[in-house]
Structures are given as C-alpha cells and as structure tokens.
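Just so you know, these numbers use all the heavy atoms, side chains as well, and skip hydrogens, waters and symmetry mates. A note on names: the letters A, B, ... follow the listed sequences, proteins ahead of strands, and every chain is numbered from 1.
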Protein chains: 2
Amino acid sequence: MVNIHDVARKAQVSVATVSRVLNKSSAVSFSTKIRVEQAITELNYEPSTLGRNLRKLESRLLLVLIPSISNPFYTDVIKGIEDTAINLDYNILLCQTNSNPKRESIYFNLIKNHLADGIISMDPTVNKRNLMDLAEKHPIIQCSEYDIDGSIAYTTINNELAAYHAIRYLIKIGHKKIALINSDEKFLYARERRQGYERALKEFGIELNLSWVYHAESLGFEGGQQAMRQLLNHPNRPTAVFAVSDILAIGALNEIHTNGLHIPNDIALVGFDNISFSTMTHPTLTTISQPMFKMGCIAAKMIINKIQGKKVESIILDHDLVIREST
Amino acid sequence: MVNIHDVARKAQVSVATVSRVLNKSSAVSFSTKIRVEQAITELNYEPSTLGRNLRKLESRLLLVLIPSISNPFYTDVIKGIEDTAINLDYNILLCQTNSNPKRESIYFNLIKNHLADGIISMDPTVNKRNLMDLAEKHPIIQCSEYDIDGSIAYTTINNELAAYHAIRYLIKIGHKKIALINSDEKFLYARERRQGYERALKEFGIELNLSWVYHAESLGFEGGQQAMRQLLNHPNRPTAVFAVSDILAIGALNEIHTNGLHIPNDIALVGFDNISFSTMTHPTLTTISQPMFKMGCIAAKMIINKIQGKKVESIILDHDLVIREST
DNA sequence: GCTATTCATGTAATCGATTACATATATATT
DNA sequence: AATATATATGTAATCGATTACATGAATAGC
C-alpha cells in the first residue's frame, strides 16, 4: 500500500510538504504543490485515516444507540443525525442494542477505546448508571429518551404535554371513556405520557378508571393486539383508545377490525409518532407527530458541540396533533 | 489519557510485556501478569483501538450500503449481518446512500482510507462501474442485489423463480388477467421478477398484455397507489395484481379500498418481501418471503472470509410463497 | 559441571499520518 | 547595503499500540 513517504519520494519533497498539500495547512509554492499532486495521482495515493486519526486523537465516528431499527420512528431521526453529521465530516455507527446488556457493553467499549468520539443514545433500555459513568469522561447526549435527574444533556419533546393534548382532543370531541395502551413504565416517556393522560382527565372532571390502563407486553404489533383484546372484553368498553405508539395503535386497530367493530364510530383511536404506516391503515390514524428529522439534526449538532468542548443545553421540541380518520 | 507506557511504568515492566498480557500472545510469568493486570485496573487503562488498528493495518469495521433504512426489508438482513459480525469481532457501519452518488463516494473513500475492512452492498442504485473498480483492490460482496456479469460474489434469492411461483399460484387459483406493479427496471431484481412473470404467463398459454405492466415511480406507498390508480382506470381491469414489494402492494391495497373494491373478490393481491406490516393489513397480504436474517448472516460470513483472503462463492437462497387473505 | 534448550522480558522498529521547530531563501524596509 | 520579515521546505518527535529480535536467567540433558 502506497503511503505518504512514497509520495514524498516521487515528488522529491519531504513528507511534511506532502501533508501540507493534503491539508492545505500552510503555504506551499505553486510548483511543488503541482509536483506533489501529480505524484499523488500517479501513485493513486489515498491517505490513511487510521494514521491521521491516531495522530489527531479522534475518530470522527459517532455512535448512535437504538434498541432496534425495526421501529420506523427511528428512521427519520437517524436521517437527521446522518445528514448533519456528514456535513460536519463525521460518520455514524448505528448500534442496535436489542436491549441486550452485552451488546451495550461492546458499544461502550468502542468509545472507551477511542474508536468513537461520542454517543447519541436513543435507547430507553440502556443501563442509566453505566451511561452516566461513561458521560463523566466521554461526550454523550440523549435523544428522545432521557433522564430527568441525570447530568446528560438531551433533546426530546414534552411527552406529558403531548399526551395531554391527545386526551384533551378526545374529550372535546365527546369521549368520556378513554383507555390508555401504555408501554412498560420503566421507560420515562411511558410515565410522562401517562401523567398527561391523567392530567387531562382530571382537568375535565373525568374519573380515572385504572382498569382502562393497559401495559403492552411487547412494543410490536402483537402488543397492541393483546392489549386491545383485553379492552374489548372489558364489561364497560371504552369509546376511545390512546396508544403511546403508532405500532401499538396499528395492532389495536387490527384487533378492533377482527372483532367487527367500526373505527371511529364504535371506538376512536389515537397513536403516537406519526410513522409513515399510519397513513396506510384503514382508517388512517390520528396521531401525535414528533419532529423526528429535526430532533436528529439537533442531537447531532449537540454531540459534535460537546465533542468540541462547547457547553450544550438540553432542547425541548414541539409536537403536533395530526387529526385523521380514526377519530 | 493513560496509555500503555503508563501501565508499563506502574507495573515496572516494558510496554512489550504489557502488550503480551493484553493479547495473551506469548508466555508471561504469573507474578508479572498479576502485577500488570493490577496496574491496568488501578489506572483504569483501556487500550486504544486506533493504535492497535494502525499497527495491524485493519479497522475491523464493515460497511453496509443500503439505499435507506426506511424499507423494513433491510431490517432483518441487517440484524443477521450484525449478529454474525459481532460474533467475529467486527462492527458494522450502516451507510444510507439515499441513492445519492455523493454519499456513495464518501463511503467508498472510507474503505480506500482503511477506515473499513470491507463492504457489503445492498444498494441497487450504486454505481456498478465504481463498485467493480473498488472490488479490484478491496473486499466487497453484494447482498440481495447483484450483477450477473460482475466479478463480485453475492448472496441473494432466485428472483425470477420467486416471481414465477407467485404468478403460477395466481393462475392456479383461476386468474388470467394478472397485472404487474414493477419498480424501475434499471434494477436487476426488477428485470428478473418481470422475466418470472412472463415465463409463468407463457407456460400457461396466457398472452402478455403490456398495458398491465406498470413501473412504480417511487418505492414508497405512493408508488403503489399511483400504479394501482392507473390499473383501476384500465378499460379491461385485471383480476389480480403482483407487486414486486410489500410496500408497493400495501399502497395498491389502499387504493383498491379507496375505490370501494374488495380484496380478494374483485382483485387479488400478492406482494414481495414478507415485511412485518404485511400481516397488519386488512386483508393480510399474500407475499413471497425471503430468508432475510439468514441472508444477512451469510453476507457477513462471506465478507469476513474475503477479508481474510479466503475464496468465496456466491450463494442463492430459497424463498417461500406465504399465502394469506389477499388471494 | 558444562552445554543446549526453554522461558521471561526488554529494546527498538514499525504502522501512517501531523506538526513544532529549525533553517534556508526571497522579499521588504530603512 | 544591512537588517527585518515573510515564505518555503525539511527534520524529527509524536500519537498508541504490536512484534521481530536480542538478551539474560532458569531448567534440562548428558
């Protein structure tokens, strides 16, 4: 493999001069510059990023931790991260933890080993203690999921308020019997969305019926189906359902159809995330839209600022209620 | 940052001995081994992968080129690649080209720069000429999409045969007027699936009606909707539709519903890929299932073998016709 | 007890770049 | 013309590891 010395020899200059031409770091006379560039072309030389990074003590690689790419919510966030990162000459390493602690530690080692410069964590299942320990020595920010009491900067939406808006809307169009399909409340977003649900009910004088609050066992379609199955068997069936993710909502929608009921006449349905599938269901799904692409861009900017030693502040983004046919 | 010299000093040995302990490469006496390990723990030392990789001239990073992670087909393939790669101590860098040549060249540079050891390309939009040039000097294999005449090893299914099976099945259940929603035929898989479509028709003595062959303008839902809209306006409406991807099929399904027609009574529908959403539609979608996870595992094994200088052969995997409610 | 072999460890080169510092030449200033 | 400054280039240290080779000590074989 041809290296910088070969180029230097061919162009009859020192390696320093070659490096200067490569990095435009200081003045090189026109004639030698041409000579060096010619040598580079003739030898088909490509500088080794490995050597460069070792010297500069950086990898220009960003780790993005997600539970799984199968959830389309992450798709657009990642697009935002990638766009921003590439523009600033960083590449991203997408890491699916599958909520597996062993995987997690592999990826944590990557940053300890200097193979990555920073981490954007979007994984709610990550070990918070380990993450915070790591954040003492390495640049880390959280995206979408975060810790209230942690010292790690984050960008997210106001989950409590978003859920509140969804429920308030259901109440305003006449619903009083509103169920909640939540995910596991070990996740902060699940706790927050539940709080928003409860606040809206309280504010409109509707009593909280705990038997209408379900926790899905999985985050896939089946989770929504299972939860809905139980809600449909409830002696006092709700007239509206708020699911904390579109995937759960779509599972619920499926189950409602299987039972021959009509949406929204028999049951109204609201999801969360505004994934692209939510326009392909029948009826189309009313949902809360998060600014996913923007969130990704901001997360990327935050982590790069952090890597460069700047101070970063957490940022809360706006959400929207997207009203479609399911309500 | 603490380095190998600090450890050596603390343990009162040479850096070579520390490296030996780290890599278990040759005998180190029990007592010094303990001393070194203690120093490592006390100093909280983590070896720099950058330094190691530079010396060993490898990065243990694999590039995976995909057009976009938004297509769920890739999800399981990537899981397979990742599982296999991690077991063999490689990490994967997921690269979305978004069919953007500039992105592509960024990623190609990564391997020229030795920041990655090999490439698995799943991108049908990649510039074939560039890829083949690169393959002369670097380990590259193709997954799912490939080149017939190229010299690059690949793993995929038999697209022609899969399409043939889908169409033969439609014919056997009584359909004669069968439309094809294809994607752009610049993609090899599109050409192959069309060949399978034509072979099945020919074999059963059904004349090819070119006005029933559509090319979707996008690979998203809208592509399927648009194509279906045109098919529904056709004076001689087909009774069955084969779409070359589930996403297109779901778009078509939506359009059929919008027009008040029944699936499968008015129109039968077959997709391709067996993405998880294909069980969530109403009716559920008959489709061709590819062994995505397995394909990913094999692709990863192939590229790692190639990196290690072994000879690799292309592998064709089996597909299945999954019959559901839409036919 | 002397030589041959094995074992444990150290020294220094190496991977491929960047860059502080040194030096030589050309140009500007007086 | 003498000095000051700017420009162009080279030398060598450095980033953090691995490893070929050298060396000294311990053990085995006779």
Q: Look at B:Arg103 together with A:Asp83 and state whether they make a salt bridge at an N to O cut-off of under 4.0 Å.
A: yes
Q. When you check the phosphate oxygens OP1 and OP2 of C:dC15, does a side-chain N or O of A:Asn3 lie under 4.0 Å from one of them?
A. no
Q: Report yes if some heavy atom in the side chain of A:Asn98 is under 4.5 Å from a heavy atom in the side chain of B:Lys79; otherwise report no.
A: yes
Q) Does a nitrogen or oxygen in the side chain of A:Arg52 sit under 4.0 Å from OP1 or OP2 of C:dT18? A) yes
(Q) Rounding to an integer number of Å, can you tell me how far A:Leu50 CG sits from D:dT14 C1'? (A) 16 Å
Q: Figure out the CG/C1' separation between B:Leu57 and D:dA17, and round it to whole Å.
A: 12 Å
Q. Do A:Ser144 and A:Tyr74 meet the criterion of a side-chain donor-acceptor pair at a distance under 3.5 Å?
A. no
Q: Applying salt bridge (Lys or Arg N to Asp or Glu O under 4.0 Å), name anything that partners B:Arg60, two or more places apart in sequence or on another chain.
A: B:Glu58
Q | A:His5 NE2 - D:dA12 P separation (whole Å) | A | 12 Å
Q: State whether a side-chain donor-acceptor pair under 3.5 Å links A:Ser121 with A:Asp123.
A: no
Q: Please tell me which of B:Val15 and B:Gly51 maps to the more 5' nucleotide of DNA chain C, matching each residue to the nucleotide holding its nearest heavy atom.
A: B:Val15
Q.
Please report the interatomic distance CD1(A:Ile119) to CG(A:Leu62), rounded to the nearest 0.5 Å.
A. 9.5 Å
Atom pairs and distances, donor-acceptor, side-chain atoms in residues 63-72 of chain A, under 3.5 Å, two or more places apart:
from: A:Ser68; atom 1: OG; to: A:Ser70; atom 2: N; distance (Å): 2.9
from: A:Ser68; atom 1: OG; to: A:Ser70; atom 2: OG; distance (Å): 2.7
from: A:Asn71; atom 1: OD1; to: A:Phe73; atom 2: N; distance (Å): 2.9

Q: Decide, yes or no, whether a salt bridge links B:Asp133 with B:Arg129 under the criterion of side-chain N to carboxylate O below 4.0 Å.
A: yes
Q: Name the closest nucleotide to the B:Ile4 side chain, picking from D:dG10, D:dT14, D:dA17.
A: D:dA17
Q: Would you give a per-nucleotide map of nucleotides 21-29 of chain C, 5' to 3', where B means the base has a protein non-hydrogen atom under 4.0 Å away, S means only the sugar-phosphate does, and - means neither?
A: ---------
Q. Does C:dT18 have OP1 or OP2 sitting under 4.0 Å from an N or O in the side chain of A:Ser19?
A. yes
Q. Any side-chain N or O of A:Ser26 less than 4.0 Å from the OP1 or OP2 oxygen of D:dA8?
A. no
Q: Give the rounded distance in Å between these two atoms: CG of A:Asn53 and P of C:dA17.
A: 11 Å
(Q) Tell me the interatomic distance from B:Glu58, atom CD, to D:dT18, atom P, rounded to whole angstroms. (A) 11 Å
(Q) Using OP1 and OP2 only, check whether a side-chain N or O of B:Ser14 sits under 4.0 Å from C:dG10. (A) yes
Q.
Nearest to the side chain of A:Arg55, heavy atoms from C-beta on, is which of D:dG16, D:dA13, C:dT9?
A. D:dA13
Q: Calculate the interatomic distance between B:Lys56 atom NZ and D:dC15 atom P; express it in whole Å.
A: 22 Å
Q.
Does C:dT9 have OP1 or OP2 under 4.0 Å away from a side-chain N or O of B:Thr32?
A. yes
Q. Can you tell me if the side-chain N/O atoms of B:Ser29 get under 4.0 Å from OP1 or OP2 in C:dT9?
A. yes
Q: Send over the distance from A:Leu115 CG to D:dC15 P, rounded to a whole Å.
A: 19 Å
Q: Just compare C:dG10, C:dT19, C:dG16 and give me whichever is closest to any side-chain atom of A:Ala16.
A: C:dT19
Q) For D:dT18, does either OP1 or OP2 sit under 4.0 Å from a side-chain N or O belonging to B:Asn23? A) yes
Q | Along DNA chain C (nearest heavy atom to each residue), the more 5'-positioned of A:Leu22 and B:Phe30 | A | B:Phe30
**Q.** Atom-pair distance (CZ on A:Arg9; C1' on D:dT11), nearest Å
**A.** 16 Å
